[in-house]
Amino acid sequence: MSLVLDRGGTQLDHIALCVPDTKRGVEEIAAQIGFQPVLTDPEPSQFYWSAAVPLGSGKFLEILGPNPAFKKFNPFIEVVRRLERPTPLFWYVATDNFAAFQAAAKEAGAPLERVETVTYEKQGVVTDYTRGYLGPGFLSVSPNVIEWRSRYSKLDDGEGPTFLGLELSHPEADRLNAAFAKLGIHQHVATGPHRMILRLGTPDGEIAYE
């Protein structure tokens with residue numbers, strides 16, 4: 001039995017398009033995809049601020065940028081602030097047994113790192129999850145892993161663009177593909193430069209973010 005949840009024929013739970021200015025980025029992407037993302041209040045004490053639009057079957061597109069209220073230094077958000085266009089920088093798969101996945105990842109030589117549990121209230125609904133990313137070290141092509149216990153319902157339904165595919169490449173593709181296979185992650189990484197391409201279907205045709 002797979003530890004990774006299916007999201008309508010793909011294991012993608014969500015993918016983040018990062019933008020240097022959250023409000024402007026949301027409006028830019030809304031015009032490109034033909035659907036209006038839902039922008040909610042920032043998570044308490046987080047360096048980022050994000051909006052979301054459904055991709056169907058429980059998966060969603062996250063538009064992520066800086067939280068103007070966050071005044072401390074964060075190296076990731078400094079990278080995001082320098083982006084010249086919406087750029088996919090990380091993606092998630094979901095599990096319903098985080099502890100079991102964490103043990104399997106360690107056994108596969110891809111231990112989960114930066115594991116944290118987050119609980120807060122948004123739009124009157126409690127959001128509660130545990131997340132981490134496949135190591136060793138952070139790579140955009142390696143998925144983050146999340147166990148949702150409660151989340152905002154508009155992430156699961158509503159209108160949005162069509163997910164057409166995720167294309168990944170990396171110089172160490174063989175190592176990554178071997179770890180993915182051990183963990184039941186059905187996502188191929190091609191040998192090549194470190195790259196991620198998200199393809200979406202919109203009312204005006206296909207759009208790709210790289």
Side-chain angles (χ1 to χ4, degrees), residues 1-7 10-18 22 37-55 57-80 88-157 166 176 179-180 182-185 187 196:
M1 184 175 179
S2 177
L3 291 170
V4 184
L5 300 180
D6 177 82
R7 298 297 198 205
T10 176
Q11 292 176 327
L12 176 76
D13 179 81
H14 67 281
I15 185 167
L17 272 182
C18 295
T22 306
V38 176
L39 180 63
T40 54
D41 294 334
E43 295 183 21
S45 303
Q46 288 287 5
F47 59 86
Y48 62 87
W49 187 18
S50 65
V53 61
L55 296 177
S57 301
K59 56 187 176 292
F60 64 95
L61 175 68
E62 180 179 18
I63 298 96
L64 183 147
N67 176 5
F70 185 83
K71 302 303 182 183
K72 299 178 183 178
F73 174 78
N74 179 278
F76 179 79
I77 212 65
E78 293 307 316
V79 171
V80 170
L89 289 185
F90 58 90
W91 61 289
Y92 276 81
V93 296
T95 182
D96 57 7
N97 191 333
F98 195 91
F101 191 101
Q102 189 171 24
K106 183 178 180 180
E107 182 69 22
L112 289 179
E113 300 181 0
R114 297 291 295 272
V115 173
E116 63 176 338
T117 294
V118 178
T119 304
Y120 63 95
E121 186 174 302
K122 177 183 285 190
Q123 307 292 99
V125 176
V126 173
T127 293
D128 180 22
Y129 59 83
T130 301
R131 66 184 175 192
Y133 60 75
L134 284 187
F138 175 80
L139 292 174
S140 286
V141 294
S142 286
N144 293 253
V145 181
I146 193 164
E147 179 182 5
W148 295 101
R149 287 174 293 277
S150 177
R151 72 181 190 182
Y152 190 41
S153 63
K154 286 190 177 180
L155 300 180
D156 297 313
D157 51 30
L166 180 63
L176 295 169
F180 288 9
K182 290 177 182 177
L183 294 169
I185 298 171
Q187 175 65 52
M196 181 188 309

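These numbers were taken from a predicted model, which means no experiment stands behind them.
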Any side-chain heavy-atom pair from Val115 and Thr130 closer than 4.5 angstrom?
yes
Does any non-hydrogen side-chain atom of Tyr133 lie less than 4.5 Å from one of Arg114?
yes
Within the 4.5 Å heavy-atom criterion, are Tyr129 and Val118 side-chain neighbours or not?
yes
Considering only heavy atoms from C-beta outward, does the side chain of Ser2 approach that of Gln11 to under 4.5 Å?
yes
Candidate pair Leu134 and Ile185, rule side chain to side chain contact (heavy atoms under 4.5 Å, CB included), full reasoning
CA-CA 11 Å; Leu134 284 187; Ile185 298 171; 4.0 Å; yes
For the residue pair Val80 and Gly65, what are the closest heavy atoms and their distance?
CG1-CA, 4.3 Å
Reported CD-to-CG distance for the pair Gln187 and Leu166, which is rounded to 0.5 angstrom
4.5 Å
Does any non-hydrogen side-chain atom of Ile146 lie less than 4.5 Å from one of Phe101?
no
Please examine the side chains of Leu183 and Val93, heavy atoms only from C-beta on, and report whether any two atoms are closer than 4.5 Å.
no
Quick check: closest heavy atoms across Leu176 and Ser142, and the distance to 0.1 Å?
CD2-OG, 3.4 Å
Rounded to the nearest 0.5 Å, the CH2 atom of Trp49 sits from the CG atom of Asp41 at a distance of 8.0 Å
What distance separates Thr95 OG1 from Leu5 CG, expressed to the nearest 0.5 Å?
6.0 Å
What are the two closest heavy atoms between Met196 and Pro88, and how far apart are they?
SD-CB, 3.6 Å
When rounded to the nearest 0.5 angstrom, what is the spacing between CG in Leu12 and OG in Ser57?
11.0 Å
Salt bridge (charged side-chain N to carboxylate O under 4.0 Å, His left out) filter on Asp128, not counting sequence neighbours, yields Arg149
With a 4.5 Å limit on heavy-atom distance, are the side chains of Thr119 and Val126 in contact?
yes
Which atom of Ser50 lies closest to which atom of Glu62, heavy atoms considered
OG-OE2, 3.0 Å
Going by the angle between their ring planes, with limits at 30° and 60°, are His14 and Tyr92 parallel, tilted or perpendicular?
parallel
Are the side chain of Gln102 and the backbone N or O of Gly132 linked by a donor-acceptor pair below 3.5 Å?
no
Using a strict threshold of under 4.0 Å (side-chain N to carboxylate O), is an ion pair present between Asp13 and Arg131?
no
Evaluation steps, side chain to side chain contact (heavy atoms under 4.5 Å, CB included), between Phe73 and Glu78
CA-CA 8 Å; Phe73 174 78; Glu78 293 307 316; 3.4 Å; yes
Specify the closest pair of heavy atoms between Gly58 and Arg151, including all atoms of both residues, with the distance to one decimal.
O-NH2, 2.6 Å
Checking the side chain of Glu147 only, and the main-chain atoms of Phe98 only, is there a donor and an acceptor separated by less than 3.5 Å?
yes
Check step by step if side chain to side chain contact (heavy atoms under 4.5 Å, CB included) holds for Val38 and Phe60.
CA-CA 11 Å; Val38 176; Phe60 64 95; over 6 Å; no
Within this structure, what is the NZ-CG distance for the pair Lys59 and Asp6, rounded to the nearest 0.5 Å?
8.0 Å
Evaluate the side-chain proximity of Tyr48 to Thr22: yes if any heavy-atom separation is below 4.5 Å, no if none is.
no
Check the orientation of Phe180 and Trp91. Use parallel for under 30°, tilted for 30 to 60°, and perpendicular for over 60°.
perpendicular
Report the C-alpha separation of Phe138 and Asn144 in whole Å, then their side-chain angles, then the decisive distance to 0.1 Å, and conclude whether the side chain to side chain contact (heavy atoms under 4.5 Å, CB included) test is met.
CA-CA 9 Å; Phe138 175 80; Asn144 293 253; 4.2 Å; yes
